[in-house]
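Some notes on the structure that comes next.
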Protein chains: 2
Amino acid sequence: MDDKNISQAVVARLPRYYRYLGELRDSGIERISSQDLSSLMKVTASQIRQDFNNFGGFGQQGYGYNVEYLYNEIAKILGLDKTHNLIIVGAGNLGQALANYMNFERRGFLLKGLFDKNPALYGKELRGIAVQSVENIECFVRENDIDIAVLTIPKDGAVKTAEILVRCNIKAIWNFAHVDLNVPDNIVVENVHLSDSLMKLSYGIANQ
Amino acid sequence: MDDKNISQAVVARLPRYYRYLGELRDSGIERISSQDLSSLMKVTASQIRQDFNNFGGFGQQGYGYNVEYLYNEIAKILGLDKTHNLIIVGAGNLGQALANYMNFERRGFLLKGLFDKNPALYGKELRGIAVQSVENIECFVRENDIDIAVLTIPKDGAVKTAEILVRCNIKAIWNFAHVDLNVPDNIVVENVHLSDSLMKLSYGIANQ
DNA sequence: TATATTTTGTTATTTTTTTAGCATATATGT
DNA sequence: ACATATATGCTAAAAAAATAACAAAATATA
Ligand SMILES: NC(=O)c1ccc[n+]([C@@H]2O[C@H](COP(=O)([O-])OP(=O)(O)OC[C@H]3O[C@@H](n4cnc5c(N)ncnc54)[C@H](O)[C@@H]3O)[C@@H](O)[C@H]2O)c1
Ligand SMILES: NC(=O)c1ccc[n+]([C@@H]2O[C@H](COP(=O)([O-])OP(=O)(O)OC[C@H]3O[C@@H](n4cnc5c(N)ncnc54)[C@H](O)[C@@H]3O)[C@@H](O)[C@H]2O)c1
């Protein structure tokens, strides 16, 4: 939470640790050594210990790591101990799929609003939330303590909408449009570039 | 295509180069120096030159890079000069969103089949393709020269379906389920773990 | 045509990331 | 209580990645 200079590579590995620890916990495992976790996850034990030690020592020599404790500590590091209010901008195919997906709520990501520029969609409800006009975004974000905006609109709209969201003091943007958003440093942007992912896959096929 | 030992970090940057070069090409730019591309993309010119030189020299001293040529070369490296036949397994929210998305076809990723285990969906058409039973996957993949399977089903189903796909000699799996698939080395797996992405975003919020 | 400028490809250097090694602390078993 | 086995946290080494430097080649200019 406090100390900086954690590399992106380390942060990117945390969710995977979190997932494995959750599964261990669910199956009743109380403790695990970096060695055992290492063979389970197919990474080196050294990397596991280094990663955790970036955030302080969560283990005990001769014992290993307490699964439940470590799981909760990682949740805190990832900010999953707090809830986040989010809106989805773009209630098309992808926006609706995300809106209908329940599992994010379980991790504290609460859908509060849905926006589109197509009037035909206004009033359409997804999980009890009605789609409204994009013109309401600014007020809505300010009045409803929205942390995260999910952008599931085409790229031109995404760039312009990002500017609006910046004005509203949004904390983070989860961007599914295939464009790099230009926002101030204090705003978190996480891109999901599906076509990039598909091209990497294509590279993999082309190069055995 | 031929030489190996290209790091994943380099491959992961190629789609972004490809996107910027496409945009430059579309706006009529014929040539660009690593320096100019560097300030456009906000990476170092050195990295750009190193990256391209992994695959051979595409530029000319004193001139720079020919945009059209480089764009096409990167397409070849990424295997985008060939078409790929794909199927989607899981015609739920996400599967349908991907099926309805037209842009992948433009890059040569052709949707050939849709599969689900829910009989209520059988026959439902998306872009002219009817959903069919998962029991047909094996035959269909073998008979229709399918390269890529997109997994948009829950994790338990994904692990089992991956095993079936391996038996069918699938080349690659684009996995949206939140689980690590265990497949032979010669099969390409590209994971899209959206919840991991959302957790990284959450980390970003929690740590300023 | 000669000269100055541009810009790559490549080698060298620096930085970052990963892996290995080990001293020390804790647990376990007798 | 003591000895032995475990397994972390940390430091050191190795490997990988990113950046810088620069000679050579091509372009542009006068
Ligand atoms: N669907 C996919 O599988 C997929 C895959 C990769 C990338 N994407 C990206 O996700 C985004 C959405 O994809 P989709 O398939 O859901 O498209 P879609 O056309 O189904 O939905 C887009 C929605 O956004 C709305 N919209 C457009 N401009 C807007 C604006 N400025 N403000 C508010 N709403 C606006 C439209 O009215 C529409 O309802 C696109 O950027 C696309 O490139 C989607
Ligand atoms: N929708 C999202 O926004 C989202 C986000 C993150 C991850 N995911 C992941 O994507 C997957 C699908 O999500 P969704 O929202 O589309 O779910 P969904 O429930 O809408 O659709 C899943 C579909 O898969 C089918 N199915 C289930 N098991 C199957 C099997 N063994 N073989 C064939 N079909 C099977 C179901 O009948 C259903 O039609 C899940 O693994 C989910 O974790 C989805």
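In what follows, chains carry the letters A, B, and so on, assigned in the order in which the sequence lines appear, proteins first and then strands, with residues in each chain numbered from 1. Every heavy atom of this structure was used, including side-chain atoms; hydrogens, water molecules and symmetry mates were not.
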Q.
Measure CD/A/Gln47 against P/D/dA14 and give the value in whole Å, please.
A. 19 Å
Q: Measure from OH on B/Tyr65 to P on D/dA26 and round the result to the nearest Å.
A: 15 Å
Q: Establish whether the base of C/dT16 is bridged to the side chain of A/Gln8 by a donor-acceptor pair shorter than 3.5 Å.
A: no
(Q) Base contacts versus sugar-phosphate-only contacts with protein, heavy atoms under 4.0 Å: please encode nucleotides 21-30 of chain C as B, S and - from 5' to 3'. (A) B--BBBSS--
Q) What class does the angle between the rings of A/Tyr65 and A/Phe52 fall in, given that below 30° is parallel, 30 to 60° is tilted and above 60° is perpendicular? A) perpendicular
Q. What's the CZ-P distance between B/Phe52 and C/dG9, to the nearest Å?
A. 10 Å
Q: Figure out the CG/C1' separation between B/Asp51 and C/dT10, and round it to whole Å.
A: 14 Å
Q) Is A/Thr44 near enough to C/dT19 that one of its side-chain N or O atoms lies under 4.0 angstrom from OP1 or OP2? A) yes
Q) Taking DNA chain D as the partner, which of residues 33-42 of chain B come within under 4.0 angstrom of it by heavy atom? A) none
Q) In whole angstroms, how far is the P atom of C/dT10 from the CG atom of B/Asn54? A) 11 Å
**Q.** Distance flag, aromatic centroids of B/Phe104 and B/Trp174, threshold under 6.0 Å
**A.** yes
Q. According to the interplanar angle, ranging from 0 to 90°, do the rings of B/Tyr18 and B/Tyr71 count as parallel (below 30°), tilted (30 to 60°) or perpendicular (above 60°)?
A. parallel
Pair up each side-chain donor or acceptor in residues 148-156 of chain B with any protein partner under 3.5 Å, not counting sequence neighbours, and list the distances.
unit_1	atom_1	unit_2	atom_2	d
B/Thr152	OG1	B/Val89	O	3.2
B/Thr152	OG1	B/Gly90	O	2.7

